[in-house]
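Report on the following structure.
Keep in mind that this is a model prediction, so the values were computed, not measured. Throughout, protein chains are lettered first and strands after them, A, B, ... in sequence-line order, and every chain is numbered starting at 1.
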Amino acid sequence: MIADARPLQPEFVPGDVRHREGEVDALTSGLQPITVGRKTEPVLLHGPSGTGKTCIARHAVDRLRSEVVDLDTQYVNCWEDYTRFKMLYRVLEGIDRALNVHRQSTPRDELVDRLRDALDDPYVIVLDEVDQLEEKDVLYDLYRTSGLSLVLVANREEELFSELSERLVSRLHTATRIRFDRYGMDELIGILEDRVRWGLREDCIDHEQLTRIAEAAAGDARIAIGILRAAAREADGRRVKKITDDLIEEGVPEAKAEIRQKHVQKLTEHQRVLYDVIVERGEIAPGELYDVYCERVDGPKSRRMVRNHLQKMQRYNLVRAEGESRSRTYSPTS
DNA sequence: CCTCCACTGGAAGATCGGGAAG
DNA sequence: CTTCCCGATCTTCCAGTGGAGG
């Protein structure tokens with residue numbers, strides 16, 4: 001059934017992006033100055049997840065690189081590299097200047113200095129999930145670096161700006177902002193059709209089934225593709241030739257579980273224990289959660305640290321917190 | 001209404017680990 | 001070798017919040 005698995009992968013960037021022509025044009029013209037060797041004002045892409053922000057950022061940058069000689073580019077996911085140090089390290093990696101910085105004990109601004117010294121060619125950085133950055137001020141350091149062009153990707157614009165310092169907000173005022181809305185049904189089906197054509201053998205899925213997937217995905221292309229991938233994989237496993245409604249129905253929770261599983265793997269031992277307890281109990285009060293956690297673990301951390309862990313798991317969308325202060329309970333996200 | 005107290009999240013400072021400088 | 005430095009992690013302290021119960 002699966003002829004080519006790549007178009008079904010979440011990271012896949014199609015050579016030609018569907019239904020986002022306007023956004024692509026806006027981004028391309030925002031990056032226009034680079035083609036004549038100048039740096040650009042930052043471009044901010046914002047909108048819900050699965051609306052193509054990352055995809056289009058990568059697509060536009062790829063295309064730019066084919067037009068401009070000596071253009072350096074780098075993609076950084078700030079969810080994974082969320083500290084100042086890690087993020088800057090990745091940025092330096094993009095121009096091969098990360099060598100010899102394997103140490104953490106690099107003087108505070110050495111990384112920024114090194115970046116400024118090293119830049120002679122124009123450099124475009126895509127900062128994905130930029131709202132996950134712990135220390136947003138590092139954006140200001142990047143902003144002030146000449147020759148550096150920033151493409152920022154965030155879920156919610158207002159939330160991002162509320163966490164930025166005064167000077168950054170005023171700087172980013174001039175930024176090109178491009179808003180992404182959820183895909184409509186027809187758009188989502190169109191995206192799925194492409195992936196089916198590129199990735200699956202012919203006639204293994206009908207328009208009706210694609211419609212079902214699009215419905216279940218609620219405008220989120222990443223989930224839609226995830227469902228398609230899960231269903232196709234399962235069909236291969238069972239050696240059937242067609243994707244049926246049953247397979248899609250099973251694919252829905254699997255696609256969501258897959259995203260969750262990725263995050264669970266990144267948890268530390270202590271975080272994992274907390275997560276397991278919350279999943280077992282379904283819903284649990286903070287005090288009880290802490291008691292159970294202490295019983296299960298050698299050398300339990302302080303309550304405060306546990307709260308940090310719980311916050312992190314909320315960011316990862318693994319755990320939901322409901323209520324304030326005394327009435328707070330934690331539960332797993334379904 | 002008032003008081004109690006479990007709970008939250010910010011701030012400050014202690015501690016650890018690893019690499020650099022002396 | 002020791003000392004210093006830095007980021008990461010963790011603890012301690014605390015003001016603020018809001019439900020429970022006089």
Side-chain angles (χ1 to χ4, degrees), chain A residues 76-94 96-118 127 129-142 156 158-166 168-169 263-333:
Chain A
V76 183
N77 189 322
C78 300
W79 202 316
E80 278 153 31
D81 300 305
Y82 56 91
T83 67
R84 176 193 172 86
F85 181 85
K86 285 179 186 161
M87 192 269 260
L88 286 174
Y89 187 88
R90 285 263 176 261
V91 168
L92 281 166
E93 261 184 353
D96 299 323
R97 292 309 173 102
L99 304 151
N100 304 325
V101 229
H102 292 294
R103 51 177 189 269
Q104 301 176 341
S105 58
T106 314
R108 169 111 184 136
D109 280 325
E110 157 108 31
L111 292 189
V112 176
D113 291 342
R114 195 184 273 239
L115 179 63
R116 296 206 169 120
D117 293 344
L127 295 178
E129 318 255 18
V130 70
D131 39 346
Q132 295 298 323
L133 262 186
E134 254 173 18
E135 217 182 307
K136 308 279 194 305
D137 269 7
V138 66
L139 293 177
Y140 190 70
D141 292 321
L142 294 182
R156 301 189 48 197
E158 321 83 59
E159 220 166 272
L160 174 64
F161 274 89
S162 70
E163 288 173 12
L164 297 180
S165 64
E166 198 70 25
L168 258 174
V169 171
H263 289 151
V264 170
Q265 279 169 1
K266 288 184 195 157
L267 298 180
T268 65
E269 185 201 334
H270 287 255
Q271 290 163 355
R272 184 62 195 266
V273 170
L274 286 165
Y275 177 69
D276 288 345
V277 172
I278 293 170
V279 169
E280 279 167 36
R281 298 298 185 94
E283 189 176 10
I284 189 167
E288 197 186 349
L289 172 60
Y290 187 71
D291 292 342
V292 178
Y293 157 77
C294 287
E295 280 169 29
R296 289 203 193 174
V297 127
D298 283 340
K301 309 294 183 194
S302 66
R303 292 185 125 86
R304 185 67 187 85
M305 198 58 215
V306 163
R307 288 203 289 274
N308 283 343
H309 290 330
L310 288 167
Q311 269 186 338
K312 183 164 189 172
M313 288 191 275
Q314 285 176 64
R315 284 214 306 264
Y316 277 59
N317 224 351
L318 292 169
V319 164
R320 204 180 20 236
E322 264 163 315
E324 292 300 312
S325 94
R326 281 198 77 157
S327 60
R328 171 68 66 91
T329 60
Y330 293 100
S331 50
T333 56

* Asked: Rounded to the Å, how far apart are A:N308 CG and C:dT9 C1'?
  -> 9 Å
* Structure fact -> Among C:dT11, C:dT17, C:dC10, the one nearest any side-chain atom of A:S325 is C:dT17
* Distance, rounded to the nearest Å, where A:Q271 contributes CD and C:dC10 contributes C1' -> 13 Å
* If you look at every strand shown and take non-hydrogen atoms under 4.0 Å, does A:R304 touch a base, only sugar-phosphate, or nothing? -> base
* To do: Please indicate whether A:E269 has more than 12 foreign heavy atoms, meaning atoms of other residues, nucleotides or ligands, lying under 6.0 Å from its CD.
  => no
* Asked: Can you tell which of C:dT9, B:dC7, C:dT12 lies closest to the side chain of A:S302?
  -> C:dT12
* Asked: Choosing from C:dA8, B:dC7, C:dC10, which nucleotide comes nearest the side chain of A:F85?
  -> C:dA8
* Asked: Parallel, tilted or perpendicular for A:H263 and A:Y316, by the 30°/60° rule?
  -> perpendicular
* Within this structure, what is the CE-to-C1' distance between A:M305 and B:dG13, rounded to whole angstrom? -> 15 Å
* Could you work out which one of B:dC5, C:dT11, B:dG9 sits closest to the side chain of A:R326? => B:dC5
* Structure fact -> Whole-Å distance, A:E322 CD to C:dG18 P, equals 16 Å
* To the nearest Å, give me how far apart CD1 (A:I284) and P (B:dC7) are. => 11 Å
* **Rounded interatomic separation in angstrom, taking CD from A:E324 and P from C:dA15** => 20 Å
* Asked: A:Y293 has an atom OH; how far is it from atom C1' of C:dC10, in whole Å?
  -> 11 Å
* Asked: Between A:Q311 (CD) and B:dT8 (P), how many Å, whole number?
  -> 9 Å
* Could you tell me whether A:Y330 contacts a base, only the sugar-phosphate backbone, or nothing, with contacts defined as non-hydrogen atoms closer than 4.0 Å? => sugar-phosphate
* Asked: Quick one: do the A:H270 and A:Y293 side chains pair a donor with an acceptor below 3.5 Å?
  -> yes
* Backbone of A:V292 reached by a side-chain donor or acceptor of A:E295 within 3.5 Å -> no
* Structure fact -> Tested for side-chain hydrogen bond (donor to acceptor under 3.5 Å, both in side chains) against A:T329, the lone hit among A:E283, A:R320, A:R281 is A:E283
